[in-house]
> 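Before I ask anything, let me first share the structure, which is written out below as structure tokens.
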Amino acid sequence: MAKILALDTSTDACSVALHIDGESHEIFKVVARKHTHELLPMVQELLAQAQLSVAQLDAIAFGRGPGSFAGIRIATGVAQGLAFAADLGVIPISSLAALAQGYYREKNTELSNEQWAELEIVTAFDARMNELYWGSYCIKEGTAQLVLDERVGGPDHLLLNDNHNKYIGVGSGFNYLDSMNKSTVEQLTLIESARHPHSQDIVAIAHTEFLLGNMVDAAAAQPVYLRNQVTWKKKDQQ
């Protein structure tokens, strides 16, 4: 079985998870602006508990964003450094997808497979500057899969598919309900804003990607900011 280490520092939370033989173990802390001090000791603690070295891992996964600019750079840099030193592949995972996966992890026994098939999990982070990062996901075979491309924009730009699915809003972006379109708010059947991405959910998605062979070299593992990508597109269009 694959042994995968996962890191996430995309929000105020800092977490590390280790997937071994189908089981995951996680250390999770909410430590705003202390990620650089906490992350490596958490990695060392988790590996020591499992009596493993980095060289004994099969891959390293990390929350590649979107999220805090500083935070996702920290996770990217640590993942690259560990992977490069041990000659391991890297698996970048969306922090928005991790939020959706976390909701499924906690609620999966409450719904049937048919009910999950009719549900979309819309995840959103506060992106500062009166904007949000968001994406929409469905659950297929126990894994969060993208339905709508991840985007950045004002709360009033968050629009949902008109496909008669049920929608759950997850993440801090839904603290801006008052600024969202009335039609969007009316489509949401439930909102859970007090949630952070967890590395145990990153490693769950990463395990599926590992089995499919979807890894990159350490040097090719890059953060995803979304805001920079949108700015670049606008310049190209001018």
Side-chain angles (χ1 to χ4, degrees), residues 8 10-13 28 30 32 63-69 71-72 93-198 200-202 204-205 208 224-231 233-234 237:
D8 184 70
S10 58
T11 64
D12 287 348
F28 176 92
V30 178
R64 50 81 166 159
S68 159
F69 279 26
I72 57 179
I93 299 295
S94 164
S95 48
L96 289 170
L99 265 186
Q101 188 71 30
Y103 183 82
Y104 172 74
R105 169 175 52 84
E106 292 189 14
K107 306 291 185 178
N108 67 66
T109 58
E110 298 179 13
L111 299 176
S112 67
N113 289 337
E114 291 76 15
Q115 288 173 313
W116 280 113
E118 297 174 350
L119 184 70
E120 283 189 34
I121 305 170
V122 184
T123 58
F125 292 144
D126 183 350
R128 311 297 183 185
M129 299 194 297
N130 297 314
E131 291 187 328
L132 307 178
Y133 302 118
W134 79 89
S136 184
Y137 302 85
C138 63
I139 301 297
K140 291 185 178 179
E141 298 181 356
T143 302
Q145 297 188 17
L146 190 65
V147 176
L148 283 177
D149 289 344
E150 296 174 354
R151 305 176 187 188
V152 61
D156 58 326
H157 292 173
L158 197 162
L159 300 174
L160 306 179
N161 284 327
D162 186 18
N163 57 12
H164 307 293
N165 278 357
K166 294 181 180 179
Y167 297 93
I168 303 294
V170 177
S172 62
F174 290 97
N175 290 324
Y176 293 87
L177 281 178
D178 291 345
S179 300
M180 293 182 184
N181 287 317
K182 182 180 178 181
S183 61
T184 296
V185 176
E186 289 176 345
Q187 284 178 279
L188 296 167
T189 58
L190 180 67
I191 296 168
E192 296 196 8
S193 59
R195 284 179 175 266
H196 293 89
H198 280 250
Q200 64 179 306
D201 301 313
I202 287 173
I205 301 172
T208 299
V224 172
Y225 298 117
L226 286 187
R227 182 171 279 140
N228 283 6
Q229 294 172 3
V230 171
T231 301
K233 288 178 183 178
K234 288 180 179 177
Q237 291 166 359

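Computed from heavy atoms alone, side chains included, the values below leave out hydrogens, waters and symmetry copies.
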> Are P66 and L96 side-chain neighbours, meaning at least one heavy-atom pair lies under 4.5 Å?
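Yes, their side chains come closer than 4.5 Å.
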> For F28 and P197, which heavy atoms make the closest approach, and how far apart are they?
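Here F28 and P197 meet closest at CE1-O, 3.8 Å.
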> How far apart are the C-alpha atoms of M180 and F174, what are their side-chain angles, what is the distance that settles it, and do they pass the side chain to side chain contact (heavy atoms under 4.5 Å, CB included) test?
CA-CA 9 Å; M180 293 182 184; F174 290 97; 3.7 Å; yes
> If the plane angle is over 60° it's perpendicular, under 30° parallel, otherwise tilted; pick one for F69 and Y225.
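F69 vs Y225 ring planes: tilted.
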> What pairs with D8 under salt bridge (Lys or Arg N to Asp or Glu O under 4.0 Å), at least two apart in sequence or on another chain?
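Scan of D8 (salt bridge (Lys or Arg N to Asp or Glu O under 4.0 Å), adjacent residues dropped) gives none.
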> Testing the basics here: between Y133 and A127, what is the closest heavy-atom pair and its distance to 0.1 Å?
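Here Y133 and A127 meet closest at CE1-CB, 3.4 Å.
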> Go through it in stages, so that I can follow the logic: the residues are F125 and L99, the test is side chain to side chain contact (heavy atoms under 4.5 Å, CB included), and I'd like the CA-CA distance, side-chain angles, deciding distance and then a yes or no.
CA-CA 10 Å; F125 292 144; L99 265 186; 3.2 Å; yes
> So, S193 side chain and G171 main chain: donor-acceptor pair closer than 3.5 Å or not?
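Side chain of S193 to backbone of G171: no pair is present.
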> Is there side-chain contact between V147 and N161, with at least one heavy-atom pair below 4.5 Å?
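The answer is yes, as the side chains (C-beta and beyond) meet within the 4.5 Å cut-off.
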> So, taking the atom named CG in L159 and the one named NE2 in H157, what distance separates them when rounded to the nearest 0.5 Å?
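Atom-to-atom, L159:CG and H157:NE2 are 8.5 Å apart.
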> Rounded to the nearest 0.5 Å, what separation is found between the CD1 atom of I202 and the CZ atom of R64?
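It is 10.0 Å, given to the nearest 0.5 Å.
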> Evaluate the side-chain proximity of S95 to T11: yes if any heavy-atom separation is below 4.5 Å, no if none is.
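Side-chain contact under 4.5 Å: no.
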> List the atom of V122, the atom of S136, and the distance in Å for their closest heavy-atom pair.
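Scanning both residues completely, I find the closest heavy atoms to be CG2-OG, 3.9 Å.
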> Measuring from T208:OG1 to E141:CD, what's the distance to the nearest 0.5 Å?
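With rounding to 0.5 Å, OG1 (T208) is 8.5 Å from CD (E141).
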> How far apart are the closest heavy atoms of G65 and I72, and which atoms are they?
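Closest pair (atom of G65, atom of I72, distance): CA-CG2, 3.6 Å.
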> Checking side chain to side chain contact (heavy atoms under 4.5 Å, CB included) for the pair Q101/T143: CA distance, chi angles, key distance, verdict?
CA-CA 7 Å; Q101 188 71 30; T143 302; 4.1 Å; yes
> Indicate yes or no: at least one non-hydrogen side-chain atom of R105 is less than 4.5 angstrom from one of Q200.
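Of all side-chain heavy-atom pairs linking Q200 with R105, at least one is under 4.5 Å.
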> Show the nearest heavy-atom pair for residues N181 and D156, with the distance to one decimal.
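Scanning both residues completely, I find the closest heavy atoms to be ND2-O, 2.7 Å.
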> How long is the span from the CD atom in E186 to the CG atom in L160, to the nearest 0.5 Å?
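Output value for this atom pair is 11.5 Å.
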> If you define the side chain from C-beta out and look only at heavy atoms, does anything of K107 sit under 4.5 Å from I168?
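K107 vs I168: side chains apart.
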> I want to check something: taking the side chain as every heavy atom from C-beta on, are Y137 and S94 in contact at a cut-off of under 4.5 Å?
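Y137 reaches S94 side chain to side chain.
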> Over all heavy atoms of both residues, which pair between A124 and W134 is shortest? Give the atoms and the distance, please.
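Looking at all heavy atoms of both residues, the closest pair is CB-CB, 3.9 Å.
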> Under 6.0 Å from the CG atom of N130, do we count more than 12 heavy atoms belonging to anything else shown?
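No, because the 6.0 Å sphere around CG of N130 holds 12 heavy atoms or fewer from other groups.
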> Output, in order, the C-alpha distance, side-chain angles, deciding distance and verdict of side chain to side chain contact (heavy atoms under 4.5 Å, CB included) for Y176 and L158.
CA-CA 11 Å; Y176 293 87; L158 197 162; over 6 Å; no
> May I ask you to test the I139-L119 pair for a side-chain heavy-atom distance under 4.5 Å?
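In short, these two side chains do not touch, never coming nearer than 4.5 Å.
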> Go through it in stages, so that I can follow the logic: the residues are D126 and S172, the test is side-chain hydrogen bond (donor to acceptor under 3.5 Å, both in side chains), and I'd like the CA-CA distance, side-chain angles, deciding distance and then a yes or no.
CA-CA 6 Å; D126 183 350; S172 62; 5.8 Å; no
> Would you say the side chain of H198 lies within less than 4.5 Å of the side chain of E106, judging by non-hydrogen atoms?
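No. Closest side-chain heavy atoms not under 4.5 Å.
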